[in-house]
Number of protein chains: 2
Amino acid sequence: MTAPSLHARILADIEGHILSGEWPPGHRIPFEHELSAKYACSRMTVNKALTQLAKAKLIERRRKAGSFVTRPPSRSAVLDIPDIKTEVEALGLPYRFEILSRRKRRAGRDDSTRLEGVGAGPLLELVCRHWAGARPFCLEERLINLVSAPEAEAEPFIEVAPGAWLLARAPWTAAEHRIRARAVGKRPAEWLGIVAGSPGLFIERRTWAGDVAVTFVVLTYPGEGHELVARFSPSQR
Amino acid sequence: MTAPSLHARILADIEGHILSGEWPPGHRIPFEHELSAKYACSRMTVNKALTQLAKAKLIERRRKAGSFVTRPPSRSAVLDIPDIKTEVEALGLPYRFEILSRRKRRAGRDDSTRLEGVGAGPLLELVCRHWAGARPFCLEERLINLVSAPEAEAEPFIEVAPGAWLLARAPWTAAEHRIRARAVGKRPAEWLGIVAGSPGLFIERRTWAGDVAVTFVVLTYPGEGHELVARFSPSQR
DNA sequence: GAGTGGTCTAGACCACTGT
DNA sequence: CAGTGGTCTAGACCACTCT
């Protein structure tokens with residue numbers, strides 16, 4: 001293990017404060033001159049770390065005012081998968097959701113393949129249906145690692161859907177998305193009000209905080225109706 | 001229009017040389033001290049640009065040796081969609097492809113919605129089938145803007161599939177991916193040897209060089225068999 | 001061994017913006 | 001107007017690696 005450079009250490013420290021929730025969105029982080037004093041280095045070195053955080057949109061910088069933690073980092077995901085509520089409301093339709101099933105259990109060996117990085121700890125298993133107006137929009141099957149997010153056990157998920165709740169409560173440092181097309185099974189088809197066997201878009205998302213699994217979720221969108229968009233240009237400025 | 005910073009200009013210049021193909025993969029770009037002389041600035045300023053290009057994986061830096069243009073930039077796409085040949089061979093199956101249809105025509109008004117940024121110029125329309133061993137792997141329906149890539153007209157696409165050919169020949173600066181699940185239509189289902197109406201994963205990709213459309217392609221993967229993976233962590237180091 | 005990139009310094013000037 | 005970030009300089013030392 002070679003020593004990481006100083007600006008990398010500063011970056012990691014600040015990222016840690018943000019992702020742990022210790023510095024919530026809107027929080028003003030120390031000024032460059034304060035950090036350069038704290039780390040006993042030149043302002044350039046601090047600036048290198050902060051510039052990178054700003055490019056990653058974890059912080060926002062304003063002259064004379066300082067640097068501030070931005071809103072939840074999820075929107076900067078590779079695939080810009082917005083919150084489902086936002087997604088539905090963007091269509092101009094009223095949004096609601098309901099919990100269809102809820103179960104607490106211990107993680108088995110089957111879970112560790114789905115939720116790599118989970119121990120043998122307690123899990124919360126949820127099925128949740130999202131509506132856009134009068135039609136089911138999307139089905140959410142989720143596992144939450146109660147070791148990462150113990151408060152989830154007491155949360156009724158009435159006001160806030162599990163996804164949004166976790167976003168605000170259990171910050172993550174890494175995510176993986178898998179996207180597939182598959183025939184929708186019998187039970188999910190019933191829940192979605194479609195014909196079993198018709199095509200669905202399946203999005204699996206896994207998130208981790210460090211090496212510890214936070215959540216695993218499968219979102220099932222009825223086919224045709226949904227598409228994912230990703231735009232890209234190299235070395236974005 | 002405020003003046004862009006010097007390191008941004010240096011970055012843009014070098015990126016331009018790379019994306020235009022003028023500096024092909026493997027090409028050694030000027031040393032830091034040469035660039036600092038050319039732009040009449042300090043090495044730090046040059047270093048800032050080059051460090052950023054290295055993070056974007058457009059160049060690779062080796063001490064004592066210099067900095068080199070990396071292999072085609074497509075692999076750094078948001079969704080890491082590999083070349084289909086690579087994808088099939090990664091499965092340990094023999095790869096081949098065939099052109100099913102080929103047509104040259106003028107762009108109509110219908111095309112401009114599919115290929116935003118195309119003029120009224122000539123288009124090449126291709127349908128191509130990719131095989132993994134004895135089974136069809138993927139269907140490729142492609143439009144190529146012959147204004148962007150005039151040499152495509154004379155290319156038989158026997159040795160090299162259109163996708164790989166374009167990658168090497170017509171560099172792009174922006175890309176958009178759309179991913180959907182949909183029932184596979186009758187003709188494509190025949191081509192893929194599956195039952196019409198079964199689920200398929202559709203990947204639409206559009207690429208541009210500057211403001212000019214390069215190509216529009218729809219890849220149809222028979223359902224179940226395919227998945228896309230995207231990994232992400234904030235402020236990647 | 002020599003030349004490259006990686007990192008860092010201790011300044012500097014400027015633009016912007018909040019007060 | 002004062003204080004912040006944005007940018008840049010002209011050095012420096014070190015680690016690595018190619019020859």
Side-chain angles (χ1 to χ4, degrees), chain A residues 1-15 17-18 23 25-71 73 76 235-237, chain B residues 1-15 17-18 23 25-71 76 234-237:
Chain A
M1 190 81 160
T2 88
S5 61
L6 181 53
H7 68 257
R9 234 178 57 73
I10 298 174
L11 190 149
D13 283 358
I14 296 173
E15 193 188 56
H17 283 123
I18 295 174
W23 290 352
H27 180 263
R28 209 211 75 228
I29 75 173
F31 297 125
E32 290 195 353
H33 66 84
E34 293 172 338
L35 289 169
S36 71
K38 177 179 167 190
Y39 287 95
C41 66
S42 76
R43 190 165 74 90
M44 264 296 279
T45 304
V46 169
N47 183 277
K48 199 164 182 173
L50 296 193
T51 300
Q52 205 168 329
L53 284 168
K55 262 203 309 238
K57 304 214 173 143
L58 282 173
I59 64 172
E60 213 174 55
R61 316 198 71 192
R62 287 202 307 277
R63 288 168 209 218
K64 165 78 184 176
S67 302
F68 301 84
V69 178
T70 50
R71 293 145 298 296
S76 58
S235 61
Q236 66 268 27
R237 269 179 293 273
Chain B
M1 189 81 161
T2 87
S5 61
L6 182 52
H7 67 257
R9 233 177 58 74
I10 298 174
L11 190 149
D13 283 359
I14 296 174
E15 193 188 56
H17 284 122
I18 295 174
W23 290 352
H27 181 263
R28 209 211 76 228
I29 75 173
F31 298 125
E32 291 194 353
H33 71 260
E34 292 173 338
L35 288 168
S36 71
K38 177 179 167 190
Y39 287 96
C41 67
S42 77
R43 190 165 73 90
M44 265 298 279
T45 304
V46 170
N47 182 277
K48 199 163 182 173
L50 296 193
T51 300
Q52 204 168 328
L53 284 168
K55 262 202 310 237
K57 304 214 174 145
L58 282 173
I59 65 172
E60 213 175 55
R61 316 198 72 191
R62 287 202 308 279
R63 287 166 207 213
K64 165 78 184 177
S67 303
F68 301 84
V69 177
T70 49
R71 287 141 297 295
S76 58
S235 62
Q236 66 267 26
R237 270 178 293 272

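Throughout, protein chains are lettered first and strands after them, A, B, ... in sequence-line order, and every chain is numbered starting at 1.
Of the options K38(A), K48(A), R43(A), a salt bridge (charged side-chain N to carboxylate O under 4.0 Å, His left out) to E32(A) is made by R43(A) and by none of the others.
R63(A) meets the side-chain contact (heavy atoms from CB on, under 4.5 Å) test with no other residue; sequence neighbours excluded.
A distance-only check finds no donor-acceptor pair linking the side chain of S67(B) to the backbone of E60(B) [under 3.5 Å]. Between the side chain of S36(A) and the main chain of V46(A), no donor-acceptor pair closer than 3.5 Å is present.
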With the sugar-phosphate defined as primed atoms, P, OP1 and OP2, and the base as all remaining atoms, what B/S/- string results for nucleotides 3-11 of chain D, 5' to 3', for protein heavy atoms under 4.0 Å?
-> BBBBBBBB-

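When every heavy atom of E15(A) is checked against every heavy atom of L53(A), the shortest pair comes out as CB-CD2, 4.4 Å.
Atoms CD (E60(A)) and C1' (dT17(C)) sit 15 Å apart, rounded to a whole Å.
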